[in-house]
Amino acid sequence: MMRPALRARLRRLRMVILDVDGVLTDGGMYYSERGEALKKFNTKDGQGIRRLHEAGIRTALVTGETTAIVTHRAAKLQIEDVYQGATDKLSIVKALLEKHGIRPEEACYVGDDLGDLEAMTCVGVAVAVADAAPAIRRIAHFMTRRRGGEGAVREVCELILSARLDPGAAGRISGSVKGV
C-alpha cells in the first residue's frame with residue numbers, strides 16, 4: 001500500500017526529470033562492427049512519457065553522455081528539455097526548474113548512479129530504478145521493481161498518473177516505498 005505522504009508528493013508533480021543511461025536504457029553500451037555506439041530504449045517507457053505529457057506533466061532528460069541517439073529519442077518523444085554532457089546535474093536541474101517556474105517539490109528525478117545523487121536530493125520525489133547503485137537506493141523515496149531500460153520509467157509514469165487521478169489506485173501500484 002502506498003503511504004499517503006508519497007501519494008501527496010506525487011500528486012504535486014509538474015515535471016519528471018530522467019537520466020538516460022541506466023534509466024531509459026539498460027546501461028549497456030552496444031557497438032556495431034564499424035564502432036557505432038547503439039542504445040536500446042523500451043517503447044513502454046516511451047508510452048508512459050507520452051501519457052505524462054497528455055496529463056500536462058513536463059519531462060526532461062539530463063545525461064552525462066552526448067550522443068545523437070539521445071537527441072533522436074527525445075525528438076520522437078517530444079521532450080523539449082534535453083541536457084547532454086551533464087557533469088553537474090544539480091545545477092542543470094535547478095536551472096531547468098527555474099526556467100519553467102517549477103518548485104523543487106513539484107519535480108521528480110529518476111536516477112540510477114552516483115552522478116544523479118545530488119540532483120535527486122533537490123527534488124520532491126527521488127526515484128531509483130531497481131538496479132540502481134546502493135547510494136541512490138538509500139536516498140530514494142520510491143524504488144521501481146523494474147530495472148533501467150526494462151520498463152522502470154513506465155512504472156514511474158503509471159505511479160504518478162495513478163496518484164493524480166485515483167488516490168486509491170496508487171496504493172495498488174507495485175514497487176518499494178521508502179522513507180515517506
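In this chain, residues are counted from 1 in sequence order. Small disclaimer: the values here were computed from a predicted structure and weren't measured. Every heavy atom of this structure was used, including side-chain atoms; hydrogens, water molecules and symmetry mates were not.
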Taking the basic N atoms (NZ, or NE/NH1/NH2) and the acidic carboxylate oxygens, is any pair closer than 4.0 Å for [X] and [Y]?
{"X": "D81", "Y": "K99", "result": "yes"}
{"X": "D19", "Y": "K89", "result": "yes"}
{"X": "R51", "Y": "E158", "result": "yes"}
{"X": "E98", "Y": "K94", "result": "no"}

Got a second to check how far [X]'s [atom1] is from [Y]'s [atom2], nearest 0.5 Å?
{"X": "E65", "Y": "D21", "atom1": "CD", "atom2": "CG", "result": "5.0 Å"}
{"X": "I139", "Y": "D116", "atom1": "CD1", "atom2": "CG", "result": "8.5 Å"}
{"X": "Y30", "Y": "K39", "atom1": "OH", "atom2": "NZ", "result": "10.5 Å"}
{"X": "T43", "Y": "R50", "atom1": "OG1", "atom2": "CZ", "result": "9.5 Å"}
{"X": "D112", "Y": "L117", "atom1": "CG", "atom2": "CG", "result": "11.5 Å"}
{"X": "L96", "Y": "I102", "atom1": "CG", "atom2": "CD1", "result": "7.0 Å"}

Which heavy atom of [X] sits nearest to which heavy atom of [Y], and what is that distance?
{"X": "A152", "Y": "V129", "result": "CB-CG1, 3.6 Å"}
{"X": "A133", "Y": "D113", "result": "CB-OD1, 3.7 Å"}
{"X": "A55", "Y": "L161", "result": "CB-CD2, 3.6 Å"}

Inset, instruction - Quick one: do T71 and Q84 satisfy side chain to side chain donor-acceptor pair (under 3.5 Å)? Show the steps, please. - result: CA-CA 9 Å; T71 302; Q84 297 192 66; 2.9 Å; yes
Inset, instruction - Dump the intermediate steps for side-chain contact (heavy atoms from CB on, under 4.5 Å) on I17 and V110, then the final yes or no. - result: CA-CA 6 Å; I17 304 162; V110 184; over 6 Å; no
Could you check whether any side-chain N or O of [X] sits under 3.5 Å from a backbone N or O of [Y], counting only pairs where one atom can act as donor and the other as acceptor?
{"X": "T66", "Y": "G85", "value": "yes"}
{"X": "R154", "Y": "K44", "value": "yes"}
{"X": "T67", "Y": "V70", "value": "yes"}
{"X": "D131", "Y": "G148", "value": "yes"}
{"X": "T144", "Y": "A130", "value": "yes"}

Inset, instruction - Go through the steps for F142 and L6 under the test side-chain contact (heavy atoms from CB on, under 4.5 Å), then give the verdict. - result: CA-CA 8 Å; F142 181 82; L6 179 59; 4.0 Å; yes
Inset, instruction - Applying side chain to side chain donor-acceptor pair (under 3.5 Å) between E106 and each of R58, R12, R14, report the one that passes. - result: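 Of all the options given, the one that passes is R14.
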4.5 Å side-chain heavy-atom contact, [X] and [Y]:
{"X": "D45", "Y": "E150", "value": "no"}
{"X": "M15", "Y": "T59", "value": "no"}
{"X": "L24", "Y": "L61", "value": "yes"}
{"X": "V123", "Y": "C108", "value": "no"}
{"X": "V16", "Y": "Y109", "value": "no"}
{"X": "E155", "Y": "L159", "value": "no"}
{"X": "V125", "Y": "V156", "value": "no"}
{"X": "R9", "Y": "E105", "value": "no"}

Inset, instruction - Could you tell me whether R146 atom CZ has more than 12 heavy atoms of other residues or ligands within 6.0 Å of it? - result: no
Inset, instruction - Taking atom CD of Q47 as the centre, report whether more than 12 heavy atoms of other residues, nucleotides or ligands fall under 6.0 Å from it. - result: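 Atom CD in Q47 is crowded, with more than 12 foreign heavy atoms closer than 6.0 Å.
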Legend entry - side-chain contact (heavy atoms from CB on, under 4.5 Å) involving A128 - partner list, sequence neighbours excluded: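 A128 satisfies side-chain contact (heavy atoms from CB on, under 4.5 Å) with A132, I136, R137, A140, M143 once adjacent residues are dropped.
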Inset, instruction - May I have the step-by-step check of side-chain contact (heavy atoms from CB on, under 4.5 Å) for I79 and H53, ending in yes or no? - result: CA-CA 9 Å; I79 298 174; H53 292 170; 4.1 Å; yes
Inset, instruction - Step by step, work out the side-chain contact (heavy atoms from CB on, under 4.5 Å) result for H141 and V127. - result: CA-CA 6 Å; H141 299 109; V127 176; over 6 Å; no
Inset, instruction - Tell me whether L90 is reachable from V23 by hopping between hydrophobic residues (I, L, V, M, F, W, Y) whose side-chain heavy atoms are closer than 4.5 Å. - result: no
